[in-house]
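The model shown is predicted, which means the values in this text are computed figures rather than measured ones.
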Amino acid sequence: MRAYEEKKQSKFKHPVLNRQCTYQESFEIQARFLAKYLMDETKQYPPLIIKK
């Protein structure tokens with residue numbers, strides 16, 4: 001569980017927003033993208049794909 005908590009706080013460059021964010025922040029960002037798509041405010045949902 002500790003490794004999961006540490007990973008959530010690590011940063012990466014969000015491929016859609018093109019800025020640094022934590023994995024925890026990315027959960028909310030993706031939820032907002034999904035909400036906009038479901039409410040028909042946007043035509044596409046941009047999935048989060050992280051390449052290692």
Step by step, would you call C21 with R19 a side-chain contact (heavy atoms from CB on, under 4.5 Å)? CA-CA 6 Å; C21 70; R19 69 170 177 86; 3.9 Å; yes
H14 side, atom NE2; Q20 side, atom CD - distance, nearest 0.5 Å: 11.5 Å
Establish whether L38 and I29 are linked, either directly or via other cluster members, by ILVMFWY side-chain heavy-atom contacts under 4.5 Å. yes
Atom OG1 of T22 and atom NZ of K7: how far apart are they, to the nearest 0.5 Å? 11.5 Å
Which distance, rounded to the nearest 0.5 Å, do you find between the OG of S10 and the CD of E5? 11.5 Å
Between OH on residue Y4 and CD on residue Q9, distance to nearest 0.5 Å: 10.0 Å
Trace of the side-chain contact (heavy atoms from CB on, under 4.5 Å) decision for Y45 with Q30: CA-CA 9 Å; Y45 167 74; Q30 292 307 122; 2.9 Å; yes
Closest non-hydrogen atoms of L17 and F33, given as atom of the first, atom of the second and distance, are CD2-CZ, 3.9 Å
What distance separates Y23 OH from I50 CD1, expressed to the nearest 0.5 Å? 4.0 Å
Residues, nucleotides or ligands: over 12 heavy atoms within 6.0 Å of Y37 OH: no
Take atom CD of Q44 as the centre, draw a 6.0 Å sphere, and report whether it contains more than 12 heavy atoms from other residues, nucleotides or ligands. no
Could you go step by step and tell me if F27 and L48 meet the side-chain contact (heavy atoms from CB on, under 4.5 Å) rule? CA-CA 9 Å; F27 300 157; L48 179 60; over 6 Å; no
Measuring from atom NZ of K8 to atom CD of Q24, what distance do you get when rounded to the nearest 0.5 angstrom? 4.5 Å
